[in-house]
There are 2 protein chains.
Amino acid sequence: MIAAAGDTLVPVFAALADETRWRVLTELGRGDASASALAGRLPVTRQAIAKHLAVLAEAGLVEPVRVGREIRYRPLGSRLDETARALDAIGAEWDRRLAEVKRIAESL
Amino acid sequence: MIAAAGDTLVPVFAALADETRWRVLTELGRGDASASALAGRLPVTRQAIAKHLAVLAEAGLVEPVRVGREIRYRPLGSRLDETARALDAIGAEWDRRLAEVKRIAESL
DNA sequence: GATCGATGCAACTCAAAGGTTGCATCAATT
DNA sequence: AATTGATGCAACCTTTGAGTTGCATCGATC
């Protein structure tokens, strides 16, 4: 089960591993916004924002919503929830193994 | 609160955003191991493994344990737990905002 | 239908990161 | 003390990714 981590999770972590993308996500957390709108609030060009949004969309963290002639992006919590559960499971397994090692060590 | 994500979390995500590091973590999940031991099981050199372990240790995901003349590494669940909780909180906030938007939209 | 604001695509630069080879060093055992 | 297996450091190569500029295109409004 832990081996399945690499399949879908790595792109999500890669998407979350960039400071600028977090600023994008934080802005989107205040309300859906287009690439052009985001470019007005962050110190990077619109094209850079567009690339970041593509990465985030590919990872399933945001969703494009067409509004008139612009495309707004909406943050999706579901993928974050899945990721959180996966991390919880792995962390718990590590802790379980560590506890077992300690138990055996103490029983000597 | 969501702005605090970038401070400690980004290095963790960066550490988890690499396929090889997941293979290292998976191996460590089977039991503590040294860089040399891991190099024997994975298709990369010992130096590459050492770099990965340094990244993982810097992120607080593994911990070095000296055993005789070798240094074994142990996976730590605590940092994963923290990360999972942070993701949960952010995801919940997004969902809350989305629900509110929908509620307002329906009340028109 | 002309215009204006928005997105889309392509080529380019630059720095960071994964990986390698080679050599130095350190600690435990004999 | 000599040896052997392990870690540590440094230089180097190559690929990836963030960011830019420039131009093309598309869609809504006037």
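Order of the sequence lines sets the chain letters (A, B, ...), proteins ahead of strands, with each chain counted from 1. Heavy atoms only: backbone and side chains are in, while hydrogens, waters and symmetry mates are out.
Shown here is B/Glu58, whose CD atom has no more than 12 heavy atoms of other residues, nucleotides or ligands within 6.0 Å.
At a threshold of 4.5 Å between non-hydrogen side-chain atoms, the residues A/Leu28 and B/Trp94 do not count as touching. Side-chain contact check for A/Leu25 versus A/Val62: some heavy-atom pair is nearer than 4.5 Å.
Note that the CG atom of A/Asp81 and the CG atom of B/Asp88 stand 5.5 Å from one another [nearest 0.5 Å]. From A/Ile90, atom CD1 reaches atom OG1 of B/Thr83 across 11.0 Å, with rounding to the nearest 0.5 Å.
Counting non-hydrogen atoms under 4.0 angstrom, A/Arg72 reaches nothing in the nucleic acid.
Using a cut-off of 4.0 Å between Lys/Arg side-chain N and Asp/Glu carboxylate O, B/Arg97 and A/Asp32 are scored as salt-bridged. Remark: A/Arg96 engages A/Glu100 in a salt bridge, criterion side-chain N to carboxylate O under 4.0 Å. Using a cut-off of 4.0 Å between Lys/Arg side-chain N and Asp/Glu carboxylate O, A/Glu82 and A/Arg85 are scored as not salt-bridged.
DNA chain D is contacted by B/Ser36, B/Arg46, B/Gln47 of residues 36-60 of chain B, taking any non-hydrogen atom closer than 4.0 Å.
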- Query: Dot-bracket for DNA chain D, 5' to 3', with Watson-Crick and G-U pairs under 3.5 Å, [ ] for crossing pairs and | for other-strand pairs: what is it?
  - Reply: ||||||||||||||||||||||||||||||
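Computed from coordinates, the A/Tyr73 OH to C/dA6 P distance equals 14 Å when rounded to whole Å. The separation between B/Asp18 atom CG and C/dA16 atom P is 18 Å, rounded to whole Å. For the pair A/Glu70 CD and D/dT29 C1', the computed distance is 14 Å after rounding to whole Å. For B/Arg69 and C/dA27, the CZ to P distance is 12 Å, given to the nearest whole Å.
Taking 4.0 angstrom as the limit, A/Arg66 places none of its side-chain polar atoms (N or O) nearer than this to OP1 or OP2 of C/dA6. Not one side-chain nitrogen or oxygen of A/Ser34 sits closer than 4.0 Å to the OP1 or OP2 atom of C/dA6. Side-chain N/O atoms of A/Thr20 include one lying less than 4.0 angstrom from OP1 or OP2 on D/dG19.
Proximity of a side-chain donor or acceptor of A/Arg21 to a complementary backbone N or O of A/Ala15 within less than 3.5 Å is detected.
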